[in-house]
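Note on naming: letters A, B, ... go to the chains in the order of the sequence lines (proteins, then strands), and numbering restarts at 1 for each one. What you are looking at is a predicted structure, and each value in this text was computed from that prediction instead of being measured.
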There are 2 protein chains.
Amino acid sequence: MTRTAIQKPDYEAELRKAGVRITRPRRIIVGILTDTEDHPDALEIFRRAVAIDSSISLSTVYRTMKLLEGLGAIHRHAFEGGPSRFEQAGGDHHDHLIDIETGDVIEFKSDRIEQLQNEIARSLGYDIVHHRLELYGRKCKVK
Amino acid sequence: MTRTAIQKPDYEAELRKAGVRITRPRRIIVGILTDTEDHPDALEIFRRAVAIDSSISLSTVYRTMKLLEGLGAIHRHAFEGGPSRFEQAGGDHHDHLIDIETGDVIEFKSDRIEQLQNEIARSLGYDIVHHRLELYGRKCKVK
DNA sequence: ATGCAATTGCAAATCGTTTGCAATAATGGC
DNA sequence: GCCATTATTGCAAACGATTTGCAATTGCAT
Ligand SMILES: [Mn+2]
Ligand SMILES: [Mn+2]
Ligand SMILES: [Zn+2]
Ligand SMILES: [Zn+2]
């Protein structure tokens with residue numbers, strides 16, 4: 001779900017198209033986002049960025065995440081408790097199961113649920129703009 | 001969903017059972033919770049409480065919400081953007097549709113979705129401890 | 001290369017929420 | 001009912017995540 005060759009986004013092109021400058025901090029941050037398997041938070045992105053260029057500031061990470069979110073290039077998730085976590089947009093839609101023991105995030109997708117959501121909203125007189133489905137659970141012994 | 005005669009919780013009994021003192025602030029706050037139709041946040045509960053007893057503090061509202069949440073007497077919702085909002089527990093489980101224009105919260109329930117969630121978690125080797133399903137939408141013209 | 005606006009790093013501000021502490025009030029035993 | 005013991009309170013100060021003002025730096029169009 002996270003990794004599929006075709007949909008790997010060209011952030012630089014997206015930035016250029018948005019008419020913003022392609023700076024060194026931005027290049028580094030989108031680089032990190034591009035080859036990230038997980039759902040890192042701002043601080044984690046900052047850590048990885050500093051490892052590449054120690055002059056990058058946390059403010060810039062936050063500003064860049066907000067910029068990319070505005071462009072629709074990344075998604076922000078506010079999982080229970082912790083800070084916002086991010087992932088690149090462009091993949092197909094999916095929802096998340098969070099392991100409450102480890103914090104691991106597992107992606108899943110259910111067309112059936114998506115469809116039911118639409119039916120429910122519709123029956124209430126609404127169009128869904130976006131939604132959030134998060135399952136919090138722990139590994140069970142019986143498979 | 002919110003209002004059904006039988007399940008109106010007796011907070012005072014719950015507090016007593018938990019072995020905590022039944023104080024004036026707590027009595028006022030649970031009173032507010034008891035006859036509340038909506039999903040107020042701490043500040044709103046504080047406002048309503050102050051209208052009854054101006055000496056109540058916001059800290060006490062927060063402390064009491066945390067206490068009741070720990071007892072399982074209320075649920076905390078972290079809808080997008082805003083502060084935590086609360087509602088009494090004890091009713092039957094339901095999820096929420098948030099009107100992104102007005103902030104209105106509409107409750108709904110889908111046994112089908114609940115069941116699918118369980119199947120998904122199970123198939124991933126997990127037991128669901130709790131979950132969060134929020135639809136964000138706007139009123140649509142065609143009904 | 002030059003100039004100007006966009007972007008940065010830094011520190012300080014913000015927001016919702018939590019916490020330390022001394023004062024107050026609820027409860028159980030008399 | 002009255003006390004003593006503690007839990008609870010109000011207040012102000014701390015908190016963690018995120019945002020912002022500002023002066024210094026940088027990208028990029030000319
Ligand atoms: Mn994901
Ligand atoms: Mn509800
Ligand atoms: Zn979904
Ligand atoms: Zn549900």
Side-chain angles (χ1 to χ4, degrees), chain A residues 11-32 39-71 73-86 103, chain B residues 11-32 39-71 73-86 103:
Chain A
Y11 285 114
E12 303 228 355
E14 294 222 46
L15 288 173
R16 209 172 317 265
K17 175 153 56 72
V20 302
R21 292 182 182 174
I22 301 188
T23 64
R24 182 164 157 70
R26 282 181 182 158
R27 229 188 297 264
I28 291 174
I29 291 169
V30 302
I32 291 168
H39 300 74
D41 61 30
L43 200 54
E44 174 60 23
I45 293 168
F46 172 65
R47 274 190 224 105
R48 298 181 194 176
V50 161
I52 299 169
D53 176 347
S54 67
S55 77
I56 286 176
S57 79
L58 182 53
S59 299
T60 296
V61 173
Y62 276 115
R63 276 191 278 237
T64 303
M65 300 323 282
K66 178 154 286 204
L67 172 67
L68 294 174
E69 188 186 7
L71 299 182
I74 61 171
H75 291 308
R76 172 192 303 262
H77 301 294
F79 298 137
E80 226 173 57
S84 292
R85 300 172 64 164
F86 306 91
Chain B
Y11 285 114
E12 303 227 356
E14 294 222 45
L15 289 173
R16 208 172 319 262
K17 176 150 56 73
V20 302
R21 292 182 183 175
I22 300 187
T23 66
R24 182 163 157 71
R26 282 182 183 156
R27 228 189 297 265
I28 290 174
I29 292 169
V30 301
I32 291 168
H39 299 74
D41 61 31
L43 200 54
E44 175 60 22
I45 293 168
F46 171 65
R47 277 190 223 104
R48 298 182 195 175
V50 160
I52 298 170
D53 176 346
S54 66
S55 76
I56 285 175
S57 81
L58 182 54
S59 299
T60 297
V61 172
Y62 276 114
R63 277 191 277 236
T64 303
M65 300 323 281
K66 178 154 288 207
L67 172 66
L68 294 174
E69 187 185 9
L71 299 183
I74 61 171
H75 291 309
R76 172 192 303 262
H77 300 294
F79 298 138
E80 227 174 55
S84 292
R85 300 172 65 162
F86 306 90

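Not counting sequence neighbours, the partners of B/Glu69 by the salt bridge (charged side-chain N to carboxylate O under 4.0 Å, His left out) test are B/Arg76. With sequence neighbours excluded, no residue forms a salt bridge (charged side-chain N to carboxylate O under 4.0 Å, His left out) with A/Glu14. Qualifying ring pair (Phe, Tyr, Trp, His ring centres under 6.0 Å) partners for A/Phe79, counting only residues two or more places apart in sequence or in other chains: A/His77, A/His96. For the side chain to side chain donor-acceptor pair (under 3.5 Å) test, residues two or more places apart in sequence or in another chain that qualify with A/Arg47 are A/Glu44.
Counting all heavy atoms, side chain and backbone alike, A/Ile56 lies closest to A/Phe46 at O-CE1, 3.2 Å. Minimum interatomic distance between A/Val61 and A/Ala42 (heavy atoms only, all atoms of both residues): CG1-O, 3.6 Å.
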Distance-only donor-acceptor hits, side chain of residues 22-30 of chain B, under 3.5 Å, sequence neighbours excluded:
residue : atom : partner : partner atom : Å
B/Thr23 : OG1  : B/Arg26 : N            : 3.3
B/Arg24 : NE   : B/Asp53 : OD2          : 3.0
B/Arg24 : NH2  : B/Asp53 : OD2          : 3.2
B/Arg26 : NH1  : B/Arg21 : O            : 2.7
B/Arg27 : NH1  : B/Glu12 : OE1          : 3.3

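Counting only residues at least two apart or on different chains, no salt bridge (Lys or Arg N to Asp or Glu O under 4.0 Å) pair has a member in residues 56-66 of chain A.
Using a 4.5 Å heavy-atom cutoff, the side chains of A/Leu68 and A/Phe86 are not in contact.
In this structure, B/Arg76 and B/Thr23 both approach DNA chain C, and ranking their closest nucleotides by distance from the 5' end singles out B/Arg76. Residue-to-nucleotide proximity on DNA chain C shows that, of A/Arg26 and B/Arg16, the 5′-proximal contact is made by A/Arg26.
Look at CZ on A/Phe79: it is 16 Å from P on D/dA17, rounded to the nearest Å. Note: CD (A/Glu80) to P (D/dA17) measures 16 Å, nearest angstrom. The distance between atom CD1 of A/Ile22 and atom C1' of D/dA29, rounded to the nearest whole Å, is 14 Å.
First and last contacting nucleotides of DNA chain C toward chain A (any atom under 4.0 angstrom from a heavy atom, 5' to 3' order): C/dA5 to C/dA11.
Listed for the A/Arg85 side chain is a donor-acceptor partner under 3.5 Å among the backbone atoms of A/His39. Between the A/Thr64 side chain and the A/Thr60 main chain, a donor and an acceptor come within less than 3.5 Å of each other.
For A/Arg24 and D/dG27, the shortest distance from a side-chain N or O to OP1 or OP2 is not below 4.0 Å.
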Exercise. DNA chain C in dot-bracket, Watson-Crick or G-U pairs under 3.5 Å, [ ] crossing, | other strand?
Worked result: |||||||||||||||..|||||||||||||
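Listed by residue number, the members of residues 54-68 of chain B with any heavy atom below 4.0 angstrom from DNA chain C are B/Ser59, B/Tyr62, B/Arg63, B/Lys66.
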